[in-house]
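Only one structure is covered here, and it is reproduced in the block below.
In each ligand, atom 1 is the first atom listed, and ligand 1 is the first ligand listed. Note that this is a predicted model, so its numbers are computed, not measured. Counting from 1, the numbers follow the sequence of the chain as shown.
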Amino acid sequence: MNIIYLVIPCYNEEEVLLETSKRLKQVLKRLMKEKKISEKSKVLFVNDGSEDDTWHIIETLCWESDWFAGINLTRNCGHQNALLAGLMTAKNYADAVISMDADLQDDVEAIEAFVDRFLDGYDIVYGVRSSRRTNTIFKRTTAGWFYRLMKFLGAEIVSNHADYRLMSKRALERLAEFHEVNLFLRGIVPQIGYPSTFVTYERQERFAGKSKYSLRKMISFAFEGITSFSIKPIRFICMMGGMSFLVSVFMLIYCIVQHFMGNTVSGWASLGVSIWAIGGLQLLAIGVIGEYIGKIYLEAKHRPKYMIEEMKGLEEKREEKKPDTEVE
Ligand code: UDP
Ligand code: MG
């Protein structure tokens, strides 16, 4: 029977963890009873450098029962990196891994459908939310724009799919081969290309606590998504540069003609405006190019994306003891 691991990144989630663990345990229990998953299945919490009691709660849960396991990261690495830490750890123990948020916004009842699709032979199952009713209007509209923009820019991305998904062991092994530091899992997973399908679910309200994605984090996440999957913005800037150059050529001809016709009137205003316009355009272009160069810089460093401080509740990998070879 298949071992399924549920991977849950947690950042300051002390208010929801107990409820989440209780509900997940119920679901796992039921699936085991129905003989759909192995008894070795677990919930793996990843503590993403929380400042509250999150890790303490995870430790207690691990200590109390075999249903839970935990990873403690050395500091806050961000949702995507924490998720990756969980996925890469879980793939060593499980046949398939389901990732979801800690706040119960992802309907736990959909887990059974995920497992069914996996048993049907799919390697990747995307959880797609059927509506965004529970989101604020602001989040709903901006998210809509974001998906449209991403598609327009040519990134393959599943609309209305967050990070609630199942991936088989072999899909995770392919994912491990992506060495990028600028991590945008939603864009990478569709590139793996194994048989995939989706399950729809109703997105709930956050069970308790506040969203850990501030507006600043959201904007940087969207920006990350766009710049790590598309070079269209750079081309667009180039086109704009070319066009403004063309305009300036016409402008020059116009000025020369006007000069010889004796019509040179003082035109400070238009001059001032165009200096600013062109200056702005150049700065914008340099900024975009800088963004890509920054990315190249980060990729070239091959820095680790996360560092694990401690693991709980996972079978210890037996370390081969080196025989004591005494020198002399
Ligand atoms: N999260 C994380 N690290 C962060 C921010 C968020 O691990 O730096 C986790 C968080 O605990 C939650 C999930 O990512 O399990 C999604 O975050 P949240 O629910 O706050 O985002 P929203 O649903 O509002 O987009
Ligand atoms: Mg949430």
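Nearest non-hydrogen protein atom to atom 19 (O) of ligand 1 is D103 OD2, 2.5 Å. Counting protein heavy atoms only, atom 21 (O) of ligand 1 is closest to Y213 CD1, 3.3 Å. Of all protein heavy atoms, the one closest to atom 23 (O) of ligand 1 is Q105 OE1, 2.6 Å. For atom 3 (N) of ligand 1, the nearest non-hydrogen atom of the protein is D48 OD2, 2.6 Å. The nearest heavy-atom contact from the protein to atom 1 (N) of ligand 1 is Y11 CB, 3.7 Å. For atom 24 (O) of ligand 1, the closest non-hydrogen atom on the protein side is S211 OG, 2.6 Å.
Atom numbering of ligand 1 starts at 1 in the shown order; those under 4.0 Å from a heavy atom of E13 are 10 (C), 11 (O), 12 (C), 15 (O). Which parts of ligand 1 touch R203 is read off a 4.0 Å heavy-atom cut-off, strictly below it: atoms 23 (O).
When heavy-atom distances to ligand 1 are checked against a 4.0 Å cut-off, L83 has no atom that comes that close, whether in backbone or side chain. The part of R206 lying near ligand 1 is the side chain, judged by heavy-atom distances below 4.0 Å. When non-hydrogen atoms are compared, ligand 1 lies under 4.0 Å from the backbone of A102 as well as from its side chain. Of the heavy atoms in D101, both backbone and side-chain atoms come closer than 4.0 Å to ligand 1. At a 4.0 Å heavy-atom cut-off, ligand 1 touches H79 through backbone and side chain alike.
Checked options V247, L246, L252; the residue passing with F250 is L246 (criterion: side-chain contact (heavy atoms from CB on, under 4.5 Å)). The side-chain contact (heavy atoms from CB on, under 4.5 Å) with L166 is formed by just one residue from the set I124, T197, I98, V199; it is I98.
Among the backbone and side-chain atoms of Y213, none of the N, O or S atoms lies under 2.8 Å from the Mg ion (ligand 2). At least one N, O or S atom of D103, from either the backbone or the side chain, sits less than 2.8 Å from the Mg ion (ligand 2).
Contact check on D163 versus R186 returns a salt bridge, with a Lys/Arg side-chain nitrogen under 4.0 Å from an Asp/Glu carboxylate oxygen. Checked for salt-bridge contact, R30 and E112 meet the test: a charged N lies under 4.0 Å from a carboxylate O. Comment: D123 engages R170 in a salt bridge, judged by a side-chain N to carboxylate O separation of less than 4.0 angstrom. Here K295 pairs with E291 in a salt bridge; the nearest charged N to carboxylate O distance falls below 4.0 Å. One finds a salt bridge joining E13 and K212 here, because a Lys/Arg side-chain nitrogen approaches an Asp/Glu carboxylate oxygen to under 4.0 Å. Under the 4.0 Å criterion applied to side-chain N and carboxylate O atoms, R75 and D48 are not assigned as salt-bridge partners.
The distance criterion of under 3.5 Å between nitrogen or oxygen atoms is met by P9 with respect to ligand 1.
With hydrogens and angles ignored, the 3.5 Å screen pairs a side-chain donor or acceptor of S50 with a backbone N or O of N12.
F221 and F184 have tilted rings, their planes meeting at an angle from 30° to 60° on a 0 to 90° scale. Relative ring orientation between F114 and Y164 is described as tilted, the plane-to-plane angle lying within the 30° to 60° band.
At a 4.0 Å cut-off, not a single heavy atom of M100 sits close enough to ligand 1 to count as contact.
Residue K139 holds the heavy atom nearest to atom 25 (O) of ligand 1 of all those in K210, K217, K139, K212.
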